[in-house]
Number of protein chains: 2
Amino acid sequence: MAVIRNTKQRQAIREVFEAAGRPLSAAETVGLARRKQKALGTATVYRAINALVEDGWLVPVELPAEPARYEVAGLRHHHHFYCRSCRKVYDIEGCPSDFISFTPTGFELEAHEVILYGRCDKCTHAA
Amino acid sequence: MAVIRNTKQRQAIREVFEAAGRPLSAAETVGLARRKQKALGTATVYRAINALVEDGWLVPVELPAEPARYEVAGLRHHHHFYCRSCRKVYDIEGCPSDFISFTPTGFELEAHEVILYGRCDKCTHAA
DNA sequence: GTCGTTGCAAAGCGTTTGCAGCCTA
DNA sequence: TAGGCTGCAAACGCTTTGCAACGAC
């Protein structure tokens, strides 16, 4: 059984996600983690993220036509808001639910995804 | 101003979308269109699709972690169902609406996307 | 010392682009 | 005949992988 080692690189990556409070892409993670840990290859970040997802510590947040983002696991059921201006993704509380009534007959519903698009508060006020 | 020419290749591609009744990826389009038009490069399909999107004849259907799909324009507001078994995408009628109440204060909502995941009728009955 | 981890560079995958030749209007 | 269109191959951006060196336990 694989033992998971606690390296400086992975430490920095975990800290970045804990501090973020929103989903981060691999590229964002590289940028933020390099502030803490100068020597950090992109392949290392990708491997660390994948390992953390396997461990269940991170959860992938996939948006259409966007590179995958990740956020710490354990959050309540929620969805995401994509700011078209700064391209950041924010968590939003709640869920419109009742998707079963929209499922065509004969189809089996297992999960759903809701994504809102627009401008975040920062970008709205900046304009 | 660019004049759009009516080639065998583009004719075949248009026919494929008209017959599909569901969103098709570029790869699916290549496969289906080659049945009508043997000589057909993948770059040609990508260029034709992009041109048809510019013309407003096709609309992109983007799903998380999936290559872009496209469907003929002019359909009523609707969303999509992704079959995890056959990986096909189906249109679904209706919309749960009322996403404004889930939009955080200060944020500006411009659009929304709803995606249902599960198994289509064919795959449910095949199992 | 073991063996998981790192960084680099190369490979992968889906998509786009450069270019010479082709063919529609 | 002009210039949009095609096919090939090379380039692209993002992600994964091979490999030798490194370092946590």
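All chains are named by letter (A, B, ...) in the order of the sequence lines, taking the proteins before the strands, and each is independently numbered beginning at 1. The structure presented is a predicted model; accordingly, all values stated were derived computationally and were not measured.
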For atom [atom1] of [X] and atom [atom2] of [N], their distance in whole Å:
| X | N | atom1 | atom2 | value |
| --- | --- | --- | --- | --- |
| B:I4 | D:dA2 | CD1 | P | 22 Å |
| A:I49 | D:dT15 | CD1 | C1' | 11 Å |
| A:E28 | D:dC14 | CD | C1' | 14 Å |
| B:Q37 | C:dT24 | CD | P | 11 Å |
| A:R69 | D:dC14 | CZ | C1' | 13 Å |
| A:E54 | D:dT16 | CD | P | 11 Å |
| B:Y46 | C:dC13 | OH | P | 13 Å |
| A:E66 | D:dG13 | CD | P | 16 Å |

Closest to the [X] side chain: [options]?
| X | options | answer |
| --- | --- | --- |
| B:P67 | C:dT5, D:dG7, C:dT15 | C:dT15 |
| A:T7 | D:dC14, C:dA25, C:dT6 | C:dT6 |
| A:R5 | C:dT5, C:dT24, C:dG7 | C:dT5 |
| A:A43 | C:dT17, D:dT17, C:dT16 | D:dT17 |

Problem - B:T124 side chain vs B:C120 backbone, donor-acceptor pair below 3.5 Å - result: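 Looks like yes, one N/O pair under 3.5 Å.
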Exercise for the section: Applying side chain to side chain donor-acceptor pair (under 3.5 Å) between A:Y82 and each of A:R119, A:R87, A:K88, A:E66, report the one that passes. Expected result: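 Among A:R119, A:R87, A:K88, A:E66, the one that satisfies the side chain to side chain donor-acceptor pair (under 3.5 Å) with A:Y82 is A:E66.
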Applying a 4.0 Å non-hydrogen cut-off, can you work out what [X] is touching in the nucleic acid: base, sugar-phosphate, or nothing?
| X | answer |
| --- | --- |
| B:A27 | nothing |
| A:A48 | nothing |
| B:A39 | sugar-phosphate |

Exercise for the section: For the pair A:E71 and A:R22, evaluate salt bridge (Lys or Arg N to Asp or Glu O under 4.0 Å) and give the outcome as yes or no after the intermediate values. Expected result: CA-CA 6 Å; A:E71 66 186 351; A:R22 62 180 176 82; over 6 Å; no
OP1 or OP2 of [N] less than 4.0 angstrom from a side-chain nitrogen or oxygen of [X], does that happen here?
| X | N | value |
| --- | --- | --- |
| B:K8 | C:dT24 | yes |
| A:R10 | C:dT6 | yes |
| B:T44 | D:dC5 | no |
| A:N6 | D:dC25 | no |
| A:Q9 | D:dG23 | no |

Practice task
Decide if the gap between the ring center of B:Y90 and the ring center of A:F107 is smaller than 6.0 angstrom.
Solution key: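 They qualify: ring centres under 6.0 Å apart.
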Problem - Distance-only donor-acceptor test, A:R47 side-chain atoms vs C:dG7 base atoms, 3.5 Å - result: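 Under the 3.5 Å cut-off, the side chain and the base do form a donor-acceptor pair.
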Exercise for the section: Any chance you could measure A:W57, atom CH2, to A:F17, atom CZ, to the nearest 0.5 Å? Expected result: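 Rounded to the nearest 0.5 Å, the CH2-CZ separation comes out at 7.5 Å.
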Handout entry: Plane angle bin for A:H79 and A:H112 - parallel if under 30°, tilted between 30 and 60°, otherwise perpendicular
Key =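 Ring orientation of A:H112 relative to A:H79: tilted.
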